[in-house]
Amino acid sequence: MKTRTPVDAAPVVIFSRVAVCALMFCSGCLQHKVSVVDGYRIDDKSVIPMLVPNAVQDIHSGEFQTATLTLPAGPSAAKIQVSKDCSIEGAVFSLQSGSGSTDRSWVVKSPSASGWDTVGEKADLDAQWKLFIGELGRMHGQGCFPAGLSIQSLRSAIAERIPLPANLVPIFMYTDKGERFVDLAPGMEIRIQTVLSTGNSINAGPSTSVRILTVNYDVVLRHGGGIGLKLTHHEDGGQRASPGAEDRQLLTLDQRFAATSVLRLFLGGVSEERQGKPESAPILLGASDVTRLDSLTDLIRKRDSIACVSDAGAVCADLPSGSVSLSSVIWINGRRTAIAFGTSLASQLFRLPEPKQAGALESVQVLRKLSLGRYANIQITRTVDGAQQLFLLPGDRIVWKD
């Protein structure tokens, strides 16, 4: 597909009226109250293209900005005053209580879209964000936020309100730069595919075929808060077989992690911090809170090879080497589609037959599900380069002309 210049917006506007309904896959939009806000734009004027919220921001000295974040009320809906410890005073990222000093209103300070490059020359932004997320976990543990909100939803809500390098949005949302782990969130899918262990075949007679076990889990939000797993698919390559002990463990991960609230998937391989050490197999780690999860992660980092650690308050599962993949579940023209985590919009366009790619690019509409249950549209430059700058997240909804 050739790079195209921006197209006339008129047909896109007409198409978008139909698109919003299709993106919500409603039989009738009037029967479903869907809140769609003016969400994001890609700003490619800087050295690094930025994903910038369209909401009004307060700019300070050109390098920094503040944005107001309003969280949903907890189960009691009561306005709870926050303590003095409920704040983060970071050199780059900070968080303070907002209007009325309640647990719902917060003010986030971050580099502005134009100040990201200059601030990055003075400070390690990745390290500063990591410190900020650690402090956010402390505040969550102290009850600074409305009950029922997970630490991942708080992290996502903050990341949604600040300008971020477009290619690093998945990292700021769900992981740390240079690491091989991802904090799981609703809208992700884990697939495990491995050769069956020594389970006995139910059908008598010799068999030389290799039996492959495929297991899919959706990451879901539990009632009352917290993250869980839901077994959505498993098959053994058409072979009726009695699973062995190792296979049964893979088929019962949802039960094993039922008591945990936060989940972290180590994808294996070698991270930037572990160069020169043996390649590691994937593991799944669960805990009651992110502080404990981070403590266990630090213990795991100190080992020569990534492997489970024993802890009374956590659950850990070693997974078969080379068998695990993580996908973002998105919706394209109303169809559920699992794509590799961190995939760009352009990669999905290129999967279409070549004659359809130009029409899809001209008509494409993208809505992003915000952590607070609303959707935000994303404005892109309708060129191949523009589509390559937008990295898709779990729950994104896309519509284009077939």
Item to complete: In sequence, state the C-alpha distance, the side-chain angles, and the governing distance for Arg336 and Trp331, and then conclude on side-chain contact (heavy atoms from CB on, under 4.5 Å).
Response: CA-CA 5 Å; Arg336 173 182 164 130; Trp331 301 86; 3.3 Å; yes
Worksheet item: What do the steps show when you test Met139 against Trp106 for side-chain contact (heavy atoms from CB on, under 4.5 Å), and what is the final call?
Response: CA-CA 13 Å; Met139 289 176 60; Trp106 299 90; 3.7 Å; yes
Item to complete: Please step through side chain to side chain donor-acceptor pair (under 3.5 Å) for the pair Ser94 and Glu89, ending with a clear verdict.
Response: CA-CA 5 Å; Ser94 67; Glu89 292 284 356; 5.3 Å; no
Discussion item. With side-chain contact (heavy atoms from CB on, under 4.5 Å) as the criterion, how do Asn54 and Arg41 come out once you've worked through the C-alpha distance, each side chain's angles and the decisive distance to 0.1 Å?
Written reply: CA-CA 7 Å; Asn54 289 331; Arg41 69 182 188 277; 3.2 Å; yes
Worksheet item: Please walk me through it: do Leu319 and Leu250 pass side-chain contact (heavy atoms from CB on, under 4.5 Å)?
Response: CA-CA 8 Å; Leu319 303 177; Leu250 298 179; 4.0 Å; yes
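Under the side-chain contact (heavy atoms from CB on, under 4.5 Å) rule, Phe93 has a single partner from Leu131, Ile158, Ile162, which is Ile162. With Glu189 as the fixed residue, the side-chain contact (heavy atoms from CB on, under 4.5 Å) test singles out one of Val329, Leu326, Val219, Leu184: Val329.
The shortest side-chain heavy-atom distance between Pro163 and Pro111 does not fall under the 4.5 Å cut-off. Proximity of Gln379 to Tyr40: side-chain heavy atoms (C-beta onward) are nowhere separated by under 4.5 Å. Under the 4.5 Å side-chain criterion, counting only non-hydrogen atoms from C-beta, Asp176 is in contact with Phe181. Two residues are said to be in side-chain contact when any heavy atoms from C-beta on lie closer than 4.5 Å; Leu285 and Ile300 meet this criterion. Using a 4.5 Å heavy-atom cutoff, the side chains of Leu51 and Ile378 are in contact. For the pair Val262/Asp183, no side-chain contact is recorded, criterion being any heavy-atom separation below 4.5 Å from C-beta on. Counting heavy atoms from C-beta on, the side chains of Ile380 and Val366 never come closer than 4.5 Å. The side-chain heavy atoms of Thr297 and Phe266, taken from C-beta on, include a pair separated by under 4.5 Å.
Ser347 approaches Ser344 most closely through the heavy-atom pair OG-O, 2.6 Å. For Gly90 against Lys109, the heavy-atom pair with the smallest separation is O-NZ, 4.0 Å. Pairing each heavy atom of Thr260 with each of Gly286, the nearest pair is CG2-C, 3.6 Å. In terms of heavy-atom proximity, Leu265 sits nearest to Ile283 at CD1-O, 3.5 Å. Residues Leu393 and Met173 approach most closely at CD1-CE, 3.9 Å, considering heavy atoms. When every heavy atom of Ala376 is checked against every heavy atom of Gly39, the shortest pair comes out as CB-CA, 3.5 Å.
Proximity of a side-chain donor or acceptor of His140 to a complementary backbone N or O of Leu149 within less than 3.5 Å is detected. For the pair Thr337 (side chain) and Arg335 (backbone), a donor-acceptor distance under 3.5 Å is present. The backbone N or O of Ile171 sits nowhere less than 3.5 Å from a side-chain atom of Thr175 that would complete a donor-acceptor pair. Checking side-chain atoms of Asp218 against main-chain N and O of Val220 turns up no donor-acceptor pair under 3.5 Å. The main-chain N or O of Gly137 is never found under 3.5 Å from a side-chain atom of Arg155 such that the two would form a donor-acceptor pair.
Side chains of Tyr375 and Arg397: a donor on one and an acceptor on the other come within 3.5 Å.
By the ring-ring contact (aromatic ring centres under 6.0 Å, His included) test, Phe391 pairs with no residue at all, sequence neighbours left out. Taking Gln128 as the reference, nothing meets the side-chain hydrogen bond (donor to acceptor under 3.5 Å, both in side chains) condition, with sequence neighbours excluded. Contacts of Pro353 classified as side chain to side chain contact (heavy atoms under 4.5 Å, CB included), with partners at least two apart in sequence or in another chain: Pro355, Lys356.
Counting heavy-atom neighbours within 6.0 Å of Arg138 CZ, excluding the residue itself, gives a total above 12.
Salt-bridge formation is not detected for the pair Glu160/Arg374: no Lys NZ or Arg NE/NH1/NH2 atom is positioned less than 4.0 Å from an Asp or Glu carboxylate oxygen.
Using cut-offs of 30° and 60° on the angle between ring planes, the pair Phe172 and Trp129 is tilted.
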